Q: 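After the structure tokens below, expect a handful of questions from me.
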Amino acid sequence: MSAAPRSAAPRVTVLAGGVGGSRFVRGLLHQLRTEWPAAAGGPEESMPGSGTAASVTVIANTGDDLWLAGLRVCPDLDSIMYALGGANDEERGWGRRGESERVSAELTAYGVGWPWFTLGDLDLGTHIARSSWLREGLPLSEATARLCARWNPGVALLPATDDEAETLVTVADEAGGTRQLHFEEWWVRHRAALPALAFTQHNVERARPAPGVLEAIAEADVVLFAPSNPVVSVGTILGIPGIADAVRQTAAPVVGISPIIGGAVVRGMADACLSAIGVETSAVAVGAHYGARGLPGAGLPGAGLLDGWLVDSADAAVAASAATGPLAGIRTLARPLWFHTVEETAAIAADALALAARPRP
Ligand code: FO1
């Protein structure tokens with residue numbers, strides 16, 4: 001990390017999915033405000049929603065996005081915006097607190113939308129506002145900025161791209177062939193129970209990083225991969241042409257936090273995604289999949305991306321033994337990665353920042 005003077009909080013850019021990503025970023029903000037209260041806009045008590053942007057930029061996955069009932073729905077952007085703006089439904093991890101579903105029932109009565117994908121009444125306000133701005137010709141990044149002007153998430157929230165590059169899941173069909181589903185149908189309707197044969201990002205070759213994304217990576221003091229799904233969240237962000245190379249080329253150290261603990265996913269169904277791309281569900285395998293920066297990447301095409309990799313204490317021994325093998329070139333740190341409270345998450349973020357600050361060998 002370039003020697004950010006003690007008075008200034010480091011500029012941190014996080015690649016994140018929705019639910020796990022927003023919980024991690026909340027801890028990161030807590031940590032930055034604790035270490036740099038002046039620079040980060042005062043104590044957390046005034047957050048969330050005080051509008052004091054810390055030095056954090058979140059690049060959010062947009063592969064889950066879809067048109068539904070004529071509206072553009074952006075699950076990961078909204079999960080992060082609501083969670084950091086203090087409006088999310090903590091139990092579900094998505095959607096709005098205190099939600100109702102009167103309009104959704106009407107849509108179902110008309111056979112509009114997906115009956116198994118609930119668009120809450122308050123949430124619909126977000127989708128209607130975003131869709132109206134998109135119809136005026138505004139890019140998703142501008143619509144997101146306008147939504148955030150109300151919620152004040154305390155970060156710069158950027159979609160990975162303004163273009164539509166939706167994640168499609170290839171599954172076997174009944175006739176011995178294959179068919180493609182939108183990620184949300186596979187994830188919500190089928191709970192990822194249909195074996196995924198492949199994940200593709202529709203039209204991704206035409207997608208470009210949204211304004212500010214490449215700069216946020218190039219100008220960061222630290223780049224972090226949140227403990228989000230390495231295939232359909234961090235992976236789909238990296239799949240937008242130009243973003244992975246920006247990570248490879250940034251002067252900032254790049255540190256990831258494993259979403260896998262002791263061979264089990266922390267949340268969601270990352271294992272169902274990892275098996276589809278032939279990656280074992282382990283902290284070592286995911287770290288090796290991202291690869292060591294400057295060395296030939298194991299999983300992603302091209303050189304690796306990571307300088308550092310946080311694994312849970314349960315994976316300390318296996319990570320240490322992998323230091324000369326699959327994790328060669330990546331500095332690993334083993335520490336508890338289960339997090340339930342903001343303080344626990346802040347401690348993880350602190351260790352990630354400390355690992356980033358260690359001089360490179
Ligand atoms: N997840 C569900 O399990 N069931 C739902 O009905 C559902 C609706 C929904 C509506 C808007 C939105 O932004 C997210 C929604 N989600 C729902 C969550 C969504 O599947 C996840 O947030 C991500 O796409 C997966 O990380």
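Given the structure is predicted, the values throughout are model-derived calculations rather than measurements. Each residue takes its place number in the sequence, starting with 1.
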Q: For residues 194-202, which side-chain N or O atoms pair as donor and acceptor with protein atoms under 3.5 Å away, sequence neighbours left out?
A:
| from | atom 1 | to | atom 2 | distance (Å) |
| --- | --- | --- | --- | --- |
| T200 | OG1 | Q180 | NE2 | 3.1 |
| Q201 | NE2 | T236 | O | 2.8 |

Q: Strictly by salt bridge (Lys or Arg N to Asp or Glu O under 4.0 Å), give each pair with a member in residues 159-169 just once, sequence neighbours left out.
A: R72-E164, R72-E166, D163-R208
Q: Could you state the interatomic distance from CG (L71) to CG (L68), rounded to the nearest 0.5 Å?
A: 7.5 Å
Q: Indicate yes or no for a side-chain donor-acceptor contact from D312 to the backbone of L337 under 3.5 Å, with no hydrogens or angles considered.
A: yes
Q: Determine, for R102 against E106, whether the closest basic-nitrogen to carboxylate-oxygen distance falls under 4.0 angstrom.
A: no
Q: List the atom of V213, the atom of A160, and the distance in Å for their closest heavy-atom pair.
A: CG2-O, 3.8 Å
Q: Can you tell me if S131 uses its side chain to pair, donor with acceptor, with the backbone of I128 under 3.5 Å?
A: no
Q: So if you build clusters from Ile, Leu, Val, Met, Phe, Trp, Tyr with side-chain heavy-atom gaps below 4.5 Å, do W151 and L122 land together?
A: no
Q: Going through the distances and angles, do L134 and W67 end up as a side chain to side chain contact (heavy atoms under 4.5 Å, CB included)?
A: CA-CA 12 Å; L134 292 176; W67 286 102; 4.2 Å; yes
Q: Please determine whether side chain to side chain contact (heavy atoms under 4.5 Å, CB included) holds for the pair L147 and R130, giving the CA-CA distance in whole Å, both sets of side-chain angles, and the decisive distance to 0.1 Å.
A: CA-CA 8 Å; L147 294 170; R130 172 167 44 230; 3.6 Å; yes
Q: Mark yes or no for whether W309, through its side chain, and A283, through its backbone, hold a donor-acceptor pair below 3.5 Å.
A: yes
Q: For a 4.5 angstrom cut-off between non-hydrogen side-chain atoms, does S282 reach V318?
A: no
Q: I'd like to know if the side chain of R331 reaches the main chain of R358, judged simply by a donor and an acceptor atom lying under 3.5 Å from each other, with no hydrogens or angles considered.
A: yes
Q: I'd like to check P253 versus V223 (side-chain heavy atoms, cut-off strictly below 4.5 Å). Are they in contact?
A: no
Q: Which pair of heavy atoms, one from G287 and one from I330, lies closest together, and at what distance?
A: O-CD1, 3.7 Å
Q: For the pair R11 (side chain) and S55 (backbone), establish whether a donor and an acceptor sit closer than 3.5 Å, ignoring hydrogens and angles.
A: no
Q: Say whether V204 and V247 are linked into one hydrophobic cluster, either directly or through other cluster members, by side-chain heavy-atom distances under 4.5 angstrom.
A: yes
Q: Check whether any side-chain heavy atom of L119 sits under 4.5 Å from a side-chain heavy atom of V103, and report yes or no.
A: no
Q: Given 3.5 Å as the limit, does a donor-acceptor pair link the side chain of T345 with the main chain of G27, or not?
A: no
Q: Tell me whether L168 shares a hydrophobic cluster with V188, the cluster being built from Ile, Leu, Val, Met, Phe, Trp, Tyr side chains joined at under 4.5 Å.
A: no
Q: With a 4.5 Å limit on heavy-atom distance, are the side chains of V155 and V25 in contact?
A: yes
Q: Which atom names give the shortest non-hydrogen contact between A272 and S275, and what distance separates them?
A: O-OG, 3.1 Å
Q: Under 3.5 Å, is there a donor-acceptor pair between the side chain of D315 and the main chain of A319?
A: no
Q: If I compare all heavy atoms of G20 with all of F339, which pair ends up nearest, and what's the gap?
A: O-CZ, 4.3 Å
Q: Should the pair W338 and H340 be assigned to parallel (<30°), tilted (30 to 60°) or perpendicular (>60°) ring geometry?
A: parallel
Q: Would R293 and V254 count as a side chain to side chain contact (heavy atoms under 4.5 Å, CB included) here? Give the steps.
A: CA-CA 8 Å; R293 197 145 67 133; V254 180; 3.9 Å; yes
Q: Measuring from L306:CG to L327:CG, what's the distance to the nearest 0.5 Å?
A: 9.0 Å
Q: When rounded to the nearest 0.5 angstrom, what is the spacing between CG in D121 and OG in S104?
A: 8.0 Å
Q: Ring of W133, cation from R146 - is the NZ or CZ under 6.0 Å from the centre and inside 45° of the axis?
A: yes
Q: First locate atom SG of C148, then atom CG of L77, and finally report the distance between them rounded to the nearest 0.5 Å.
A: 8.0 Å
Q: Is I277 reachable from I260 through a run of hydrophobic residues whose side-chain heavy atoms are each under 4.5 Å from the next?
A: yes
Q: Could you walk me through whether M81 and T126 pass the side chain to side chain contact (heavy atoms under 4.5 Å, CB included) check?
A: CA-CA 11 Å; M81 180 176 72; T126 299; 4.0 Å; yes
Q: Whether R179 and E185 form a salt bridge (side-chain N of Lys/Arg under 4.0 Å from carboxylate O of Asp/Glu) is what I want to check.
A: no
Q: On the six-membered ring of Y82, is R96 placed so that its NZ or CZ lies under 6.0 angstrom from the centre and within 45° of the ring axis?
A: yes
Q: Return yes if some donor-acceptor pair links the side-chain N/O of S79 with the main-chain N/O of P75 below 3.5 Å, else return no.
A: yes
Q: S313 and P336: which non-hydrogen atoms are nearest, and at how many Å?
A: OG-N, 3.1 Å
Q: Would W36 end up clustered with L29 when hydrophobic side chains under 4.5 Å apart are linked, directly or stepwise?
A: yes
Q: Using a 4.5 Å cut-off on heavy atoms from C-beta on, say whether the side chain of D123 contacts that of W94.
A: no
Q: Find the distance between CG (D78) and OG1 (T144) and round it off to the nearest 0.5 Å.
A: 8.0 Å
Q: What residue pairs, at least two apart or across chains, pass ring pair (Phe, Tyr, Trp, His ring centres under 6.0 Å) with a residue in residues 206-236?
A: F225-Y290
Q: Which pair of heavy atoms, one from A207 and one from P241, lies closest together, and at what distance?
A: O-CD, 3.4 Å
Q: Below 4.5 Å, heavy atoms only, C-beta onward: do N61 and V232 meet side chain to side chain?
A: no
Q: Side chain of S233, backbone of P230: donor and acceptor closer than 3.5 Å?
A: no
Q: Are any of the side-chain heavy atoms of L353 and V255 separated by less than 4.5 Å?
A: no
Q: Considering only heavy atoms from C-beta outward, does the side chain of V279 approach that of C273 to under 4.5 Å?
A: no
Q: Rounded to the nearest 0.5 Å, how far does CG of L224 lie from CD1 of I59?
A: 11.0 Å
